[in-house]
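Being a predicted model, the structure only gives us computed values, none of them experimental. As a basis for the values below, the full set of heavy atoms in this structure was taken, side chains included, without hydrogen atoms, waters or symmetry mates.
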Amino acid sequence: MSLKNNINLLNISQVSLGGDLEGAVSLLKKLIATPSFSKEEDKTAYLIEEFLQSKNVSAERFLNNVWAKNKYFDESKPTILLNSHHDTVKPNKGYTLNPFSPDVLKDSEREKENKLFGLGSNDAGGALVSLMAAFIYFFDKENLKYNLVIAATAEEEISGKNGIEALLSSNNFLQSVNQNPEHPFRDWGCIVGEPTQMQMAIAEKGLLVLDCMAEGKAGHAARKEGDNAIYKAIKDIEWFLSYQFPKVSALLGSVKMSVTSIETDNKAHNVIPSQCSFVVDIRVNELYTFEEVLNIIEKNVKCKVQARSTRLRSSFIDLNHPIVKAGLSLGRTYYGSPTTSDKALMPFSTLKMGPGDSARSHIADEFIYLDEIKEGIEIYIKLLQQLL
């Protein structure tokens, strides 16, 4: 059910970035027009820093991460972090529009010019500018029950180490928000802005990527020589295809394993390959640790298995958490998300929620509806009002 059927919407002129919805869209257009591929976000970081400073907000920067805290930040109070990313993937070859041209075009179903196209518009520019709007709305209000911190971060699309993870561990940030480096973030919570149609992703699958290597013995293909590593790999790939982990999550479903790449170093047609490598993408529910998953795999396959990283673990925020309860009071529904975000790297309870639709992320001619941004701003502010 739409929020419009449950609460009185705020006047958009009171809540948006530039005094009206057009101000929010104006900033998003600038971000779209400025390429910000992962590890190359310096120009959009500057735009965000400049924008906050134009609103008399003292913005700070670490690498390509920009953050600010509310005017009356009080270290004795708990803190809510508002976070989204400003990096993008590279545009795919299916684009028919210029990915860096922020065009607002007419939507035939809604019969108005309402679709803002451009790379990063949906993932996650709409969420970012909406969170910035909410932060600015509360920035100079006194006697809030919580502190607010806004963070526009880098490298989310590649799960890079110079994004939110680096920011939260940097002395710059810890000193700015008065956190003890030995025991930080004891009373913190977070809203991560990603396209969820403004519903609440309270759980998220973890991501485990495996590099697997089957080993055989080289030989001439014309004779009965060698031990074909491809055939060995096939047997293990068949296990990855057929095995079902017994514990199924009510929110996240089962653990899902997908073989996504396979190759051999040998390119000659007449040589039996001695090695065959393949990659497995595994989405892990909250009922298994990565160590448990790896233990099961290693007991069932013969290839060598190497995990690229164990950083992106499954995450969950309790339904009784104040942030979630505030969302529920506004008629928001909750679900488990199969995709991974910076939520996985937060050392505190985090809700993933934002305008836009995850199904539009990374597609050709990516877009977001303008009224999704409007609704996103309104719901973020209404949710925070429940807490602050």
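A salt bridge between Lys30 and Glu50 is absent, with no side-chain N of the basic residue lying under 4.0 Å from a carboxylate O of the acidic one. By the 4.0 Å N-to-carboxylate-O rule, Asp236 lies too far from Lys302 to be salt-bridged with it. Under the 4.0 Å criterion applied to side-chain N and carboxylate O atoms, Arg311 and Glu165 are assigned as salt-bridge partners.
The backbone N or O of Pro35 lies less than 3.5 Å from no partner atom in the side chain of Glu40, so there is not a single donor-acceptor pair. At least one donor-acceptor pair under 3.5 Å links the side chain of Thr264 to the backbone N or O of Asn266.
Ile368 and Arg360 get closest at one heavy-atom pair: CA-NH1, 3.8 Å. Here the closest non-hydrogen pair linking Asn122 and Gly356 is OD1-CA, 3.2 Å. Shortest non-hydrogen contact noted between Ile373 and Ala24 is CG2-CB, 4.4 Å. Heavy atoms only, all atoms of each residue included: Ser309 and Leu208 are closest at O-CD1, 3.5 Å. When all heavy atoms of Val279 and Arg308 are compared, the closest pair comes out as CG2-NH2, 3.6 Å.
Ile48 and Val149 end up in different hydrophobic clusters when Ile, Leu, Val, Met, Phe, Trp and Tyr side chains are linked at under 4.5 Å.
A side-chain N or O of Glu157 and one of His362 form a donor-acceptor pair less than 3.5 Å apart. A donor and an acceptor atom, one from each side chain of Thr153 and Asn65, are nowhere located under 3.5 Å apart. Judged purely by distance below 3.5 Å, without hydrogens or angles, the side chains of Ser329 and Gln386 pair a donor atom with an acceptor atom. Under 3.5 Å, the side chains of Glu204 and Ser337 contain no donor-acceptor pair of N or O atoms.
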(message) Determine whether Asp318 and Ser349 satisfy the following criterion, side-chain contact (heavy atoms from CB on, under 4.5 Å), listing intermediate values before the conclusion.
(response) CA-CA 8 Å; Asp318 195 276; Ser349 295; over 6 Å; no

(message) Go through it in stages, so that I can follow the logic: the residues are Glu194 and Ser341, the test is side chain to side chain donor-acceptor pair (under 3.5 Å), and I'd like the CA-CA distance, side-chain angles, deciding distance and then a yes or no.
(response) CA-CA 8 Å; Glu194 290 283 345; Ser341 71; 5.1 Å; no

(message) I'd like to know whether Ile297 forms a side-chain contact (heavy atoms from CB on, under 4.5 Å) with Ile282, so could you lay out the CA-CA distance, the side-chain angles of the two residues, the decisive distance to 0.1 Å, and finally the verdict.
(response) CA-CA 11 Å; Ile297 291 170; Ile282 306 177; 3.6 Å; yes

(request) Check the pair Met198, Met353 against side-chain contact (heavy atoms from CB on, under 4.5 Å), reporting the backbone distance first and the verdict last. (result) CA-CA 5 Å; Met198 289 310 291; Met353 180 182 186; 3.7 Å; yes

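The line from CG of Leu81 to CD1 of Ile164 is 5.5 Å long, rounded to the nearest 0.5 Å.
Relative orientation of the Phe367 and Phe117 rings is tilted, given thresholds of 30° and 60° on the angle between their planes. By the 30° and 60° cut-offs, the orientation of the rings of Phe245 relative to Tyr288 is perpendicular.
Under the 6.0 Å cut-off for aromatic ring centres, Phe62 and Phe173 do not qualify, their centroids lying 6.0 Å or more apart.
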